[in-house]
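Just so it is clear: chains get the letters A, B, ... in the order the sequence lines come, proteins before strands, and each one is counted from 1.
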There are 2 protein chains.
Amino acid sequence: MTDVKSGVNPLFLREDDLRQGIELLFFGYRDFTAEPDAMLAEIGLGRAHHRAIYFIGRNPGISVTDLLGILRITKQSLSRVLGDLMDQGFVDQRQGTRDRRRRLLELTEKGVELERRLSENQRQRMARAYRLAGAEAVEGFRRVMLGLIDDADRSRFPAPAAPPRVVRR
Amino acid sequence: MTDVKSGVNPLFLREDDLRQGIELLFFGYRDFTAEPDAMLAEIGLGRAHHRAIYFIGRNPGISVTDLLGILRITKQSLSRVLGDLMDQGFVDQRQGTRDRRRRLLELTEKGVELERRLSENQRQRMARAYRLAGAEAVEGFRRVMLGLIDDADRSRFPAPAAPPRVVRR
DNA sequence: ACTTTACGTCAGTCATGTTGACTCGAACCC
DNA sequence: GGGTTCGAGTCAACATGACTGACGTAAAGT
């Protein structure tokens, strides 16, 4: 598949459209994470801590194994991150009742506050993008991103009850 | 999970819609990079090398400074990466003619081949997502992603050539 | 002539990931 | 009851990709 630029692609998609998608993802992700990264650096934490805090906040009482499944890193890596977060009082563990082997993770009040500060930045950036693009575009964004995600994780995103709506100010 | 999301959001968008966007980006990026990362690991390179190769291929003759501007990393970091790529014969440098301080970067034939292999995977994933989502969704994806990107880099993405769909408001 | 720019390099540090091996206690199964 | 699997944690060693800071050199700009 050599680059016959304006030629017909068997997928009906032009090479440049695909490349543009790749680049949008690169630049989008880069800019999406830059500001929270800077905030985290100030308190000696990194992006990995943000991810852990985010998903614990999103799934209170999640087990270590389930969190590993989301993050797709090794338990040794996560262990270091969780250790930092627990030492600094952002995260608490409690033993599972039904299965006492499980350590269920929760944000402390301090953790909730940090999560809010970090994600607020990203929510605002996302909100700005949604507002600029319009409601219809948001649904398109959702559909394309879903297509990029492995089947295994697609189920984390149920179809919206009502289409994500942009509320006029 | 117990999502006790308190009622009113100071933003104009529902909290959950924004969170879903954040998560789509996280999972999408994670899955988008996983396979090329695995290929790179086999030849002792990493994601940083892929990024350099990609943008050199995309901008043949780009200067080191310009590449730094795209990647937003330090010259020391890029230097290591470029060194690896030049040692292994994926990238060539030539001196600028107008400005002889500049080192203009280009992929060798071997570099082009590697870039093709790596990005082919991502192009196919992107093509699949585009096909599943449909043409209209692709435009929406483009618009939302653009909104996530810092103003400074927005200009890298000119409006699509085909239907210059003017959206007001 | 002086300053700035483009690039490179040396040296040290940090964050985040990896493999592999091992322990411990709880749960599961025959 | 006993053996095995599972969830979690730990120790050790290592790779990668980022960072800061300092310094050097050559070319271009003023």
Close side-chain approach of [X] to [Y], heavy-atom, < 4.5 Å:
X        : Y       : value
B/Gln122 : A/Leu18 : no
A/Leu105 : A/Asp92 : no
A/Val112 : A/Phe90 : no

Side-chain donor-acceptor contact under 3.5 Å, B/Tyr54 with A/Glu23: yes

Contact summary for B/Ala133 and A/Arg143, nearest pair of heavy atoms: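 B/Ala133 and A/Arg143 have their closest heavy atoms at O-NH2, 2.9 Å.
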
Sugar-phosphate, base or nothing in reach of A/Gln93, heavy atoms under 4.0 Å: sugar-phosphate

Axis deviation across the helix from C/dA1-D/dT30 to C/dC30-D/dG1, five-pair ends, to the nearest 10°: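 Angle reported: 30°, given to the nearest ten degrees.
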
Ionic contact status for A/Arg58 with B/Asp16, cut-off 4.0 Å: yes

Salt bridge A/Arg117-A/Glu120, side-chain N to carboxylate O under 4.0 Å: no

Joint hydrophobic cluster, A/Leu104 plus A/Leu68, side-chain heavy atoms closer than 4.5 Å: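 Unlinked, A/Leu104 and A/Leu68 end up in two clusters.
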
Residue whose closest nucleotide on DNA chain D lies nearer the 5' end, A/Val64 versus B/Arg98: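 This one resolves to A/Val64.
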
Test of ring centre spacing under 6.0 Å for B/Phe55 and A/Phe27: yes

A/Leu68 CG to D/dT10 P, straight-line distance once rounded to whole Å: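 Rounding to the nearest Å, CG of A/Leu68 and P of D/dT10 are 14 Å apart.
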
Interatomic distance where CZ belongs to A/Arg94 and C1' belongs to D/dG7 [whole Å]: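 Atom CZ in A/Arg94 sits about 16 Å away from atom C1' in D/dG7.
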
Point-to-point distance, once rounded to the nearest 0.5 Å, from CZ of B/Arg14 to CD of B/Gln20: 9.5 Å

Which residues share a side chain to side chain donor-acceptor pair (under 3.5 Å) with B/Arg30, sequence neighbours left out: A/Asp153

Could you go through residues 78-88 of chain A and list every donor-acceptor pair under 3.5 Å that involves a side-chain atom there, pairing it with any protein atom two or more places apart or in another chain?
| unit_1 | atom_1 | unit_2 | atom_2 | d |
| --- | --- | --- | --- | --- |
| A/Asp84 | OD2 | A/His49 | NE2 | 2.9 |

Derivation and outcome, salt bridge (charged side-chain N to carboxylate O under 4.0 Å, His left out), residues A/Arg19 and B/Glu115: CA-CA 12 Å; A/Arg19 285 208 174 258; B/Glu115 195 282 331; 3.3 Å; yes

For DNA chain D, the residues among residues 70-91 of chain A that have a non-hydrogen atom under 4.0 Å from it: A/Lys75, A/Gln76, A/Ser79

Residue-level proximity of residues 99-107 of chain B to DNA chain C when a heavy atom falls under 4.0 Å: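 The stretch gives B/Arg101, B/Arg102, B/Arg103 as the residues lying under 4.0 Å from the strand, ordered by number.
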
Sorted by number, the residues of residues 33-53 of chain B with heavy-atom contact under 4.0 Å to DNA chain C: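 Output list: empty, so none.
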
